[in-house]
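Written below as C-alpha coordinates is the structure these notes are about.
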Amino acid sequence: MRLPAPDGKGAGMTWLATPLGALLVLLILREVFHTLWHPTRHGGLSRTVMRAVWRLSAHRGARRRPAGLAGPLGMVTVLAVWMLAVAVGWALVYWPRMPQDFSYAPGLAPAEHASPVDALYLSLVNLTTLGFGDIAPTAGWLRVLAPLEALVGFVLLSATVTWILGIYPALARRRALALRLSHVRRSRVTARALDSDGGAALLDGLAAALSTAAVDFMQYPESYYFHDGEENTALPRQLGYALGLADRADEARHPDVRLSASVLRRALDDLAVVLDERFLRTGEGTERVFAAYAEDHGHAWGPDGPPRTDGHGAP
(Lines give C-alpha, C1' and ligand atoms only; values in the text may rest on other atoms or scores of the structure.)
Protein backbone atom coordinates (compact mmCIF):
# COMPACT_ATOMS: atom_id res chain seq x y z
CA MET A 1 0.00 0.00 0.00
CA ARG A 2 1.37 3.43 -0.96
CA LEU A 3 1.53 5.81 1.96
CA PRO A 4 1.28 9.60 1.82
CA ALA A 5 4.45 11.59 2.23
CA PRO A 6 5.01 12.67 5.84
CA ASP A 7 4.77 16.33 6.71
CA GLY A 8 7.83 18.36 5.90
CA LYS A 9 8.89 16.36 2.86
CA GLY A 10 7.11 17.81 -0.12
CA ALA A 11 7.95 18.27 -3.77
CA GLY A 12 10.50 20.96 -2.95
CA MET A 13 12.61 18.64 -0.85
CA THR A 14 12.36 15.92 -3.49
CA TRP A 15 13.53 18.36 -6.14
CA LEU A 16 16.52 19.44 -4.04
CA ALA A 17 17.66 16.16 -2.45
CA THR A 18 17.50 13.96 -5.53
CA PRO A 19 19.85 15.94 -7.81
CA LEU A 20 22.12 16.68 -4.85
CA GLY A 21 22.44 12.99 -4.06
CA ALA A 22 22.98 12.06 -7.72
CA LEU A 23 25.65 14.77 -8.05
CA LEU A 24 27.48 13.52 -4.96
CA VAL A 25 27.57 9.96 -6.28
CA LEU A 26 28.79 11.09 -9.70
CA LEU A 27 31.53 13.23 -8.15
CA ILE A 28 32.84 10.29 -6.13
CA LEU A 29 32.76 7.97 -9.15
CA ARG A 30 34.71 10.60 -11.09
CA GLU A 31 37.17 10.81 -8.21
CA VAL A 32 37.68 7.05 -8.22
CA PHE A 33 38.23 7.08 -11.98
CA HIS A 34 40.86 9.83 -11.87
CA THR A 35 42.63 8.30 -8.89
CA LEU A 36 42.83 4.71 -10.11
CA TRP A 37 42.26 4.47 -13.84
CA HIS A 38 43.48 7.76 -15.29
CA PRO A 39 47.14 7.89 -14.24
CA THR A 40 47.90 11.31 -15.72
CA ARG A 41 45.57 12.92 -13.20
CA HIS A 42 45.15 12.42 -9.48
CA GLY A 43 41.72 12.90 -7.97
CA GLY A 44 41.49 16.18 -6.11
CA LEU A 45 39.71 14.81 -3.03
CA SER A 46 42.06 11.88 -2.55
CA ARG A 47 45.09 14.12 -3.05
CA THR A 48 43.77 16.55 -0.43
CA VAL A 49 43.07 13.79 2.08
CA MET A 50 46.46 12.13 1.59
CA ARG A 51 48.27 15.46 1.98
CA ALA A 52 46.27 16.32 5.11
CA VAL A 53 47.10 13.01 6.78
CA TRP A 54 50.77 13.39 5.78
CA ARG A 55 50.98 16.93 7.18
CA LEU A 56 49.20 15.97 10.39
CA SER A 57 51.63 13.11 10.93
CA ALA A 58 54.49 15.61 10.64
CA HIS A 59 53.29 17.76 13.53
CA ARG A 60 55.46 15.71 15.85
CA GLY A 61 58.47 16.46 13.66
CA ALA A 62 59.50 14.90 10.35
CA ARG A 63 62.12 12.69 11.96
CA ARG A 64 59.53 11.30 14.34
CA ARG A 65 56.94 10.64 11.67
CA PRO A 66 55.58 7.13 12.29
CA ALA A 67 57.27 5.05 9.62
CA GLY A 68 54.79 3.58 7.17
CA LEU A 69 51.65 4.80 8.98
CA ALA A 70 50.81 8.03 7.17
CA GLY A 71 50.41 6.38 3.76
CA PRO A 72 48.21 3.43 4.82
CA LEU A 73 46.17 5.66 7.13
CA GLY A 74 45.67 8.15 4.32
CA MET A 75 44.47 5.41 1.97
CA VAL A 76 42.04 4.08 4.58
CA THR A 77 40.73 7.60 5.12
CA VAL A 78 40.25 8.15 1.37
CA LEU A 79 38.36 4.86 1.02
CA ALA A 80 36.16 5.70 4.02
CA VAL A 81 35.34 9.11 2.52
CA TRP A 82 34.45 7.48 -0.81
CA MET A 83 32.14 4.92 0.79
CA LEU A 84 30.45 7.39 3.13
CA ALA A 85 29.90 9.96 0.38
CA VAL A 86 28.34 7.39 -1.95
CA ALA A 87 26.11 6.10 0.85
CA VAL A 88 24.97 9.64 1.71
CA GLY A 89 24.35 10.40 -1.97
CA TRP A 90 22.03 7.44 -2.38
CA ALA A 91 20.37 8.18 0.96
CA LEU A 92 19.49 11.65 -0.33
CA VAL A 93 17.69 9.98 -3.21
CA TYR A 94 15.80 7.54 -0.96
CA TRP A 95 14.83 9.83 1.89
CA PRO A 96 12.25 12.13 0.19
CA ARG A 97 10.40 9.02 -1.01
CA MET A 98 10.19 7.29 2.35
CA PRO A 99 7.91 5.73 3.40
CA GLN A 100 5.43 6.03 0.51
CA ASP A 101 7.59 4.29 -2.12
CA PHE A 102 8.93 1.55 0.15
CA SER A 103 7.58 -1.60 1.74
CA TYR A 104 8.42 -2.48 5.33
CA ALA A 105 8.79 -5.79 7.11
CA PRO A 106 6.09 -6.73 9.63
CA GLY A 107 6.73 -5.07 12.94
CA LEU A 108 8.17 -1.89 11.43
CA ALA A 109 5.97 1.19 11.52
CA PRO A 110 6.62 3.01 8.21
CA ALA A 111 6.01 6.47 9.66
CA GLU A 112 8.61 5.79 12.35
CA HIS A 113 11.27 4.59 9.91
CA ALA A 114 11.40 7.37 7.33
CA SER A 115 14.09 9.57 8.82
CA PRO A 116 17.46 10.49 7.26
CA VAL A 117 19.08 7.86 9.47
CA ASP A 118 16.76 5.20 8.06
CA ALA A 119 17.58 6.33 4.52
CA LEU A 120 21.29 6.11 5.31
CA TYR A 121 20.77 2.67 6.84
CA LEU A 122 19.01 1.48 3.69
CA SER A 123 21.76 2.96 1.52
CA LEU A 124 24.51 1.25 3.52
CA VAL A 125 22.68 -2.08 3.38
CA ASN A 126 22.46 -1.83 -0.42
CA LEU A 127 26.00 -0.51 -0.86
CA THR A 128 27.51 -3.36 1.15
CA THR A 129 25.21 -5.88 -0.60
CA LEU A 130 23.93 -7.17 2.76
CA GLY A 131 20.32 -7.16 1.54
CA PHE A 132 18.44 -7.47 4.86
CA GLY A 133 15.12 -6.84 3.10
CA ASP A 134 13.40 -5.13 6.05
CA ILE A 135 12.99 -2.00 3.94
CA ALA A 136 12.62 -2.45 0.18
CA PRO A 137 11.65 -0.10 -2.66
CA THR A 138 8.31 -0.60 -4.38
CA ALA A 139 8.45 2.14 -7.04
CA GLY A 140 9.70 0.79 -10.36
CA TRP A 141 12.67 3.10 -10.88
CA LEU A 142 13.77 2.73 -7.24
CA ARG A 143 13.77 -1.04 -7.66
CA VAL A 144 16.30 -0.54 -10.45
CA LEU A 145 18.31 2.05 -8.54
CA ALA A 146 18.88 -0.08 -5.43
CA PRO A 147 20.71 -2.90 -7.30
CA LEU A 148 22.77 -0.25 -9.09
CA GLU A 149 23.97 0.95 -5.71
CA ALA A 150 25.03 -2.58 -4.86
CA LEU A 151 26.93 -2.69 -8.15
CA VAL A 152 28.71 0.55 -7.26
CA GLY A 153 29.61 -0.95 -3.89
CA PHE A 154 31.16 -3.93 -5.66
CA VAL A 155 33.08 -1.56 -7.96
CA LEU A 156 34.45 0.33 -4.95
CA LEU A 157 35.54 -2.93 -3.35
CA SER A 158 37.29 -3.99 -6.55
CA ALA A 159 38.88 -0.55 -6.84
CA THR A 160 40.22 -0.86 -3.31
CA VAL A 161 41.90 -4.17 -4.11
CA THR A 162 43.30 -2.75 -7.35
CA TRP A 163 44.66 0.29 -5.54
CA ILE A 164 46.40 -1.79 -2.89
CA LEU A 165 47.82 -4.24 -5.41
CA GLY A 166 49.23 -1.33 -7.42
CA ILE A 167 50.69 0.70 -4.56
CA TYR A 168 52.83 -1.90 -2.87
CA PRO A 169 54.71 -3.12 -5.98
CA ALA A 170 55.50 0.55 -6.74
CA LEU A 171 56.84 0.97 -3.20
CA ALA A 172 58.92 -2.18 -3.59
CA ARG A 173 60.45 -0.86 -6.83
CA ARG A 174 61.28 2.47 -5.20
CA ARG A 175 62.89 0.83 -2.19
CA ALA A 176 64.80 -1.60 -4.39
CA LEU A 177 66.23 1.36 -6.33
CA ALA A 178 67.30 3.02 -3.09
CA LEU A 179 68.91 -0.19 -1.89
CA ARG A 180 70.74 -0.55 -5.22
CA LEU A 181 72.12 2.98 -4.88
CA SER A 182 73.12 2.15 -1.32
CA HIS A 183 74.98 -0.95 -2.53
CA VAL A 184 76.92 1.10 -5.07
CA ARG A 185 77.70 3.81 -2.52
CA ARG A 186 78.94 1.35 0.09
CA SER A 187 81.03 -0.43 -2.53
CA ARG A 188 83.03 2.80 -2.97
CA VAL A 189 83.25 2.50 -6.73
CA THR A 190 86.50 4.06 -7.93
CA ALA A 191 86.82 6.41 -10.88
CA ARG A 192 88.80 3.74 -12.73
CA ALA A 193 86.13 1.10 -12.20
CA LEU A 194 83.42 3.53 -13.27
CA ASP A 195 85.30 4.42 -16.47
CA SER A 196 84.58 1.06 -18.13
CA ASP A 197 81.93 -0.97 -19.91
CA GLY A 198 80.74 -2.19 -16.53
CA GLY A 199 80.41 1.37 -15.31
CA ALA A 200 78.28 2.27 -18.32
CA ALA A 201 76.04 -0.74 -17.68
CA LEU A 202 75.71 0.27 -14.03
CA LEU A 203 74.66 3.82 -14.93
CA ASP A 204 72.18 2.54 -17.54
CA GLY A 205 70.56 0.27 -14.96
CA LEU A 206 70.22 3.10 -12.47
CA ALA A 207 68.74 5.41 -15.12
CA ALA A 208 66.15 2.78 -16.05
CA ALA A 209 65.17 2.27 -12.40
CA LEU A 210 64.89 6.04 -11.86
CA SER A 211 62.60 6.29 -14.90
CA THR A 212 60.42 3.56 -13.42
CA ALA A 213 60.28 5.45 -10.12
CA ALA A 214 59.18 8.63 -11.93
CA VAL A 215 56.39 6.72 -13.70
CA ASP A 216 55.30 5.17 -10.40
CA PHE A 217 55.00 8.63 -8.84
CA MET A 218 52.80 9.69 -11.77
CA GLN A 219 50.62 6.59 -11.77
CA TYR A 220 50.46 6.15 -7.98
CA PRO A 221 50.93 9.64 -6.48
CA GLU A 222 49.76 8.39 -3.11
CA SER A 223 52.94 6.27 -2.90
CA TYR A 224 54.80 9.52 -2.16
CA TYR A 225 53.15 9.63 1.26
CA PHE A 226 54.61 6.32 2.36
CA HIS A 227 57.62 6.97 4.58
CA ASP A 228 60.72 4.78 4.19
CA GLY A 229 62.37 4.71 7.58
CA GLU A 230 65.48 2.66 6.84
CA GLU A 231 68.34 4.71 5.39
CA ASN A 232 69.42 2.12 2.83
CA THR A 233 65.89 1.72 1.40
CA ALA A 234 64.93 5.41 1.55
CA LEU A 235 65.15 6.95 -1.91
CA PRO A 236 65.26 10.56 -0.59
CA ARG A 237 68.41 9.63 1.31
CA GLN A 238 70.19 8.09 -1.70
CA LEU A 239 69.46 10.59 -4.48
CA GLY A 240 72.36 12.82 -3.48
CA TYR A 241 74.77 9.99 -4.21
CA ALA A 242 73.09 9.41 -7.60
CA LEU A 243 73.72 13.05 -8.51
CA GLY A 244 77.36 12.75 -7.45
CA LEU A 245 77.76 9.54 -9.44
CA ALA A 246 76.45 11.27 -12.58
CA ASP A 247 78.90 14.13 -12.00
CA ARG A 248 81.85 11.76 -11.68
CA ALA A 249 80.83 9.82 -14.78
CA ASP A 250 80.64 13.04 -16.80
CA GLU A 251 84.43 13.27 -16.50
CA ALA A 252 85.12 9.72 -17.71
CA ARG A 253 87.16 9.08 -20.84
CA HIS A 254 85.05 6.14 -21.99
CA PRO A 255 82.43 7.51 -24.44
CA ASP A 256 79.80 4.97 -23.38
CA VAL A 257 80.21 6.03 -19.76
CA ARG A 258 79.75 9.70 -20.66
CA LEU A 259 76.65 8.82 -22.67
CA SER A 260 75.23 6.76 -19.81
CA ALA A 261 76.01 9.60 -17.41
CA SER A 262 74.02 11.98 -19.60
CA VAL A 263 71.07 9.58 -19.62
CA LEU A 264 71.31 9.19 -15.84
CA ARG A 265 71.34 12.96 -15.43
CA ARG A 266 68.20 13.28 -17.59
CA ALA A 267 66.47 10.57 -15.55
CA LEU A 268 67.31 12.42 -12.34
CA ASP A 269 66.05 15.71 -13.79
CA ASP A 270 62.80 14.09 -14.92
CA LEU A 271 62.25 12.57 -11.48
CA ALA A 272 62.83 15.98 -9.90
CA VAL A 273 60.27 17.55 -12.23
CA VAL A 274 57.63 14.97 -11.26
CA LEU A 275 58.33 15.41 -7.54
CA ASP A 276 58.24 19.18 -7.74
CA GLU A 277 55.15 19.53 -9.94
CA ARG A 278 53.05 17.03 -8.05
CA PHE A 279 54.16 17.30 -4.44
CA LEU A 280 56.79 19.85 -3.44
CA ARG A 281 56.18 22.97 -5.58
CA THR A 282 59.58 24.52 -4.84
CA GLY A 283 60.25 25.82 -8.35
CA GLU A 284 63.94 25.06 -7.82
CA GLY A 285 66.50 22.96 -9.69
CA THR A 286 67.05 19.23 -9.41
CA GLU A 287 69.34 19.29 -6.40
CA ARG A 288 67.15 21.59 -4.33
CA VAL A 289 64.06 19.55 -5.19
CA PHE A 290 65.76 16.40 -3.96
CA ALA A 291 66.84 18.24 -0.80
CA ALA A 292 63.21 19.27 -0.19
CA TYR A 293 62.09 15.68 -0.86
CA ALA A 294 64.56 14.39 1.73
CA GLU A 295 63.49 17.01 4.27
CA ASP A 296 59.80 16.25 3.74
CA HIS A 297 60.51 12.59 4.54
CA GLY A 298 62.65 13.36 7.56
CA HIS A 299 66.05 12.49 6.08
CA ALA A 300 69.29 14.44 6.02
CA TRP A 301 70.11 15.50 2.47
CA GLY A 302 72.51 13.09 0.83
CA PRO A 303 74.37 10.21 2.46
CA ASP A 304 77.65 12.14 2.63
CA GLY A 305 76.66 15.61 3.83
CA PRO A 306 74.72 18.76 2.83
CA PRO A 307 73.86 19.80 -0.71
CA ARG A 308 76.81 20.42 -2.98
CA THR A 309 77.34 23.64 -4.93
CA ASP A 310 78.68 22.20 -8.16
CA GLY A 311 76.38 24.17 -10.45
CA HIS A 312 74.00 21.24 -11.14
CA GLY A 313 70.62 22.35 -9.90
CA ALA A 314 71.93 24.59 -7.15
CA PRO A 315 70.53 28.13 -7.07
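Quick caveat: nothing in here was measured; it's all calculated off a predicted structure.
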Exercise. Taking NZ, NE, NH1 and NH2 as the nitrogens, is one of them in Asp250 or Arg258 under 4.0 Å from a carboxylate oxygen of the other?
Worked result: no
Exercise. Is it true that His113 and Tyr121 have ring centroids separated by less than 6.0 Å?
Worked result: no
Exercise. Is the shortest side-chain N to carboxylate O distance from Asp296 to Arg55 below 4.0 Å?
Worked result: yes
Problem set entry | Asp204: partners by side chain to side chain donor-acceptor pair (under 3.5 Å), with sequence neighbours left out | Ser260
For this session: Before giving the answer on side-chain contact (heavy atoms from CB on, under 4.5 Å), spell out for Leu239 and Leu210 the whole-Å C-alpha distance, their side-chain angles and the decisive distance to 0.1 Å.
Result: CA-CA 10 Å; Leu239 287 173; Leu210 284 163; 4.0 Å; yes
For this session: Return the orientation label for the Trp82 and Trp163 ring planes: parallel under 30°, perpendicular over 60°, tilted otherwise.
Result: parallel
Exercise. Using the ring of each side chain (for Trp, its six-membered ring), is His227 parallel, tilted or perpendicular to Trp54, with breaks at 30° and 60°?
Worked result: tilted
For this session: Please assess Met50 against Tyr224 for the test side-chain contact (heavy atoms from CB on, under 4.5 Å), listing each intermediate value before the final yes or no.
Result: CA-CA 10 Å; Met50 294 293 293; Tyr224 175 88; over 6 Å; no
Exercise. So Leu45 and Ile28, side-chain contact (heavy atoms from CB on, under 4.5 Å) or not? Walk me through it.
Worked result: CA-CA 9 Å; Leu45 176 61; Ile28 294 301; 4.1 Å; yes
Exercise. So, for Ala252 and Asp195, which heavy atoms are closest and what is the spacing to 0.1 Å?
Worked result: CB-OD1, 3.5 Å
Exercise. Is Arg174 salt-bridged to Asp216, cutoff N-O under 4.0 Å?
Worked result: no
Exercise. Measuring from Leu202:CG to Asp197:CG, what's the distance to the nearest 0.5 Å?
Worked result: 12.5 Å
Exercise. So, Asp269 and Arg266, do they make that salt bridge, N to O below 4.0 Å?
Worked result: yes
Exercise. Should Arg265 and Asp247 count as an ion pair when the cut-off is N to O under 4.0 Å?
Worked result: yes
Seminar exercise, completed: Sorted by chain and number, sequence neighbours left out, side chain to side chain donor-acceptor pair (under 3.5 Å) with Thr282 holds for Asp276
Exercise. Between Glu231 and Arg186, is there a salt bridge with N-O shorter than 4.0 Å?
Worked result: no
Problem set entry | Verdict with reasoning, Tyr104 to Asp134, per side-chain contact (heavy atoms from CB on, under 4.5 Å) | CA-CA 6 Å; Tyr104 290 75; Asp134 50 348; over 6 Å; no
Problem set entry | For Leu203 against Ala249, the heavy-atom pair lying closest together | CD1-CB, 3.5 Å
